[in-house]
Amino acid sequence: MRPILLQGHERSLTQIKFSHDGDLIFSTAKDQVACVWFYANGERLGTYHGHQGALWTVDVDATTTLLATGAADNTARLWDVKSGKCLKTWEFPTAVKRVEFSDDGTQLLAVTEKRMGYLGTIAVFDIKVDVEAEQSDTPRMTITCEESKATVAGWSYLGKYIIAGHEDGSISQYDSKTGEQLLNVLVHESDMQVNDLQWAPDRTYFISASKDKTAKLISARDLQILKTYPTDTPLNSACITPKKDFVILGGGQAAMDVTTTSSRQGKFEARFYHKVFEDEIGRVRGHFGPLNTVAVHPKGQGYASGGEDGYVRVHHFDKPYFDFMYEVEREHARR
Amino acid sequence: MSKNINRADWADDEEFDDPSVLPPQQITTNKDGTKTIVTYRYNDDGKKVKTTRRIKTVVIKERVNPRVAERKGWAKFGLEKGHAAGPSLDTTSVGENIIFRPSINWKANAKEEKLDKNSVKEQLKDKKVKCRICSGDHFTARCPFKDTMAPMDEAGGAGDLGSGGEGPEPAGGLSGAGGSYVPPHLRRGGAATGDRMGGKFERDDLATLRVTNVSEFAEEQELRDMFERFGRVTRVFLAKDRETGRAKGFAFISFADRTDAARACEKMDGFGYGHLILRVEFAKRSQ
């Protein structure tokens, strides 16, 4: 497995997303520019200019027409994927930490920071998936997180629920029509922030990664914890691999401690766990800093990781990865 | 170059090479279907650089989603605007190969590997390279006196690593009285007898097994595989008939560690191999 290194960013990576077909990779970093790359050869297709602050988040709709980004300049922007043109800018009172399209691309949520007397919110916009269309100026709905601010959020299957991870380690489920909070479950240790939340391909369950050194597989319908993956380092990101039943976890010690230790001790590796058996099955080294984000190819052929070191590393899995099976799995496959 | 362009006189059309003109690109097609392209250019120091590239073209047909195919043809934008197709070197590079093999007992394997590395490192930590011929700090094979001098005899048979503490001797054969020639077997007070010439093989006598009743169809590699289970095998010698190339029926196996050898001796004695039953014992020092 020979990784491709993408050096388009000058500062640490914040999020990576694959397009729905898996051919493009979108990356954002704290250097105010979003980049789009070809997955196959690491060629950069273009950059999206306009933000005035660190970019925190990126998402692309299912048809790879529109791109949404959120930044520390208190705006979320909508872009034409093809031309790099900014189509719409939404202003918020505080920074935008997370954006995500619903699976049909007609709705967009934006998670805003709690700061300067403003509470954290989740704003939901109606989107017309068309480059030419006029997008609405105001959110259709705003959920205010009164107890603990939301750090991450996403749409469940069919856009039925909005699932949000909070700073206090809890996860809540909101009705996506009314914005009413249906459930709130403390799944991680209290006051251990949920750093990432990524979906299984069918969006019926998701994986959450937290500062409390665990990642958990949680069902979207009732927020029941299905699996737990304990590690020895705070986790920044986690994703579920299609095709093989694995999860990939990325983390490493907090950025402020990094300079005091060697990269060997820093645990800057992508960790692979078996999704069902919860065993660690391998690690992939390479980054010089903690992994801020990991994203997996939608067909499970590879993954990309972005680190505090400013690099994106794109990996194309090779044969041993696909061949690996537990004895029970092999028996099942034989039958 | 430019002066050649508007030449007026045939006399200017001379043959001699203008040193500033670069030879044209040469493309040759090789027999195996590859192409060799030779190009010339000037580097930053103004020096001529010849680049030879061998290119193999492989056509791989792949069915792709039409949407993906369309996106492949998109024009570049932003910072990449106007750049040619293909990855650019300043943003994209290829990392070193990572071997990633998922396994169930991944943790145990990783630990073992680390231990292995450590122990070898520790063993070699205080070791210096020392020439057996002249005690210089180079490998024996690199010694300038290799052809002219015989190796200095070392005290013990097995203690190769332990002998590092020995005081340096005046170089090999020159130590004799008056500097006259002393034949190798008489050096060091005649203690060494002639059969110690092959010292290299004898030093690990303590961990060497003699295996007899070996099938004549045996191979060295097979023996190595069989004995490697017990520890690191440093040498396998299978006596073969010079004319027929068949095994003569006995072999020597040297281990790095005597305890491994002892274990192998115990376990492999009486082991059925081929159609015969092996007899394994510690090799006796040849007299």
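Nothing here was measured: the structure is a model prediction, and the numbers come from that model. Residue numbering restarts at 1 for every chain, and letters A, B, ... go by the order of the sequence lines.
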Worksheet item: Under 6.0 Å from the NZ atom of B:Lys35, do we count more than 12 heavy atoms belonging to anything else shown?
Response: no
Practice prompt. Could you have a look at A:Pro320, A:Gly42, A:Pro3 and say which one has the most heavy-atom pairs with chain B under 4.5 angstrom?
Written response: A:Pro3
Worksheet item: Should we say atom CD1 of B:Ile277 is surrounded by more than 12 heavy atoms from elsewhere, each under 6.0 Å from it?
Response: no
Fill in: Under 3.5 Å donor-acceptor, A:Arg2 side chain and B:Glu96 backbone
no
Worksheet item: With only heavy atoms counted, which part of A:Tyr321 is less than 4.5 Å from chain B, the side chain, the backbone, both or neither?
Response: both
Discussion item. Under 4.5 Å from any heavy atom of chain A, what part of B:Asn65 do you find: side chain, backbone, both or neither?
Written reply: side chain
Worksheet, complete the sentence: Value for CZ (B:Phe100) from CZ (A:Phe317), rounded to nearest 0.5 Å, stands at 6.5 Å
Worksheet item: Does a sphere of radius 6.0 Å around NZ in A:Lys227 hold more than 12 heavy atoms from other residues, nucleotides or ligands, not counting ones at 6.0 Å or beyond?
Response: yes
Discussion item. Around atom CD of A:Glu278, are there more than 12 heavy atoms from other residues, nucleotides or ligands closer than 6.0 Å?
Written reply: yes
Discussion item. Out of A:Tyr311, A:Tyr326, A:Phe277, return the one with the most heavy atom pairs under 4.5 angstrom to chain B.
Written reply: A:Tyr326
Discussion item. Quick check for you: to the nearest 0.5 Å, what is the distance between B:Ile99 atom CD1 and A:Arg285 atom CZ?
Written reply: 11.0 Å
Worksheet, complete the sentence: Turns out that what part of A:Val81 lies under 4.5 Å from chain B's heavy atoms comes down to both
Discussion item. I'd like to know whether NE2 of A:His20 has more than 12 heavy-atom contacts from other residues, nucleotides or ligands below 6.0 angstrom.
Written reply: no
Discussion item. Need one label for A:Arg313: side chain, backbone, both or neither, based on atoms under 4.5 Å from any heavy atom in chain B.
Written reply: side chain
Worksheet item: So B:Ser93 and A:Gln7, side-chain contact (heavy atoms from CB on, under 4.5 Å) or not? Walk me through it.
Response: CA-CA 8 Å; B:Ser93 56; A:Gln7 303 147 272; 3.2 Å; yes
Practice prompt. For atom CZ of A:Arg283, decide whether the heavy atoms of other residues, nucleotides or ligands shown that lie under 6.0 angstrom number more than 12.
Written response: yes
Practice prompt. Anything in residues 70-81 of chain B with a heavy-atom distance to chain A below 4.5 Å? Please list those residues in order.
Written response: B:Glu70, B:Arg71, B:Lys72, B:Trp74, B:Ala75, B:Lys76, B:Phe77, B:Gly78, B:Leu79, B:Glu80
Fill in: Toward chain B, the part of A:His315 with a non-hydrogen atom under 4.5 Å
side chain
Discussion item. With a 4.5 angstrom heavy-atom cut-off, is it the side chain or the backbone of A:Thr63 that approaches chain B, or both, or neither?
Written reply: backbone
Discussion item. I'd like to know if the side chain of B:Thr91 reaches the main chain of A:Leu6, judged simply by a donor and an acceptor atom lying under 3.5 Å from each other, with no hydrogens or angles considered.
Written reply: no
Worksheet, complete the sentence: With chain B, the option among A:His49, A:Lys85, A:Arg44 that has the most non-hydrogen atom pairs under 4.5 Å is A:Arg44
Discussion item. For the NZ atom on B:Lys240, are there more than 12 heavy atoms of other groups (residues, nucleotides or ligands in this structure) within a distance under 6.0 Å?
Written reply: yes
Worksheet item: Quick check: does any side chain N or O of A:Asp21 sit under 3.5 Å from a backbone N or O of B:Val68, one acting as donor and the other as acceptor?
Response: no
Discussion item. Tell me whether B:Arg232 at atom CZ has more than 12 heavy atoms from other residues, nucleotides or ligands lying less than 6.0 Å away.
Written reply: no
Discussion item. Quick check for you: among A:Lys319, A:Met325, A:Glu280, which has the greatest number of heavy-atom pairs under 4.5 Å with chain B?
Written reply: A:Glu280
Fill in: Candidate pair A:Ile4 and B:Thr92, rule side-chain contact (heavy atoms from CB on, under 4.5 Å), full reasoning
CA-CA 7 Å; A:Ile4 303 175; B:Thr92 308; 3.5 Å; yes
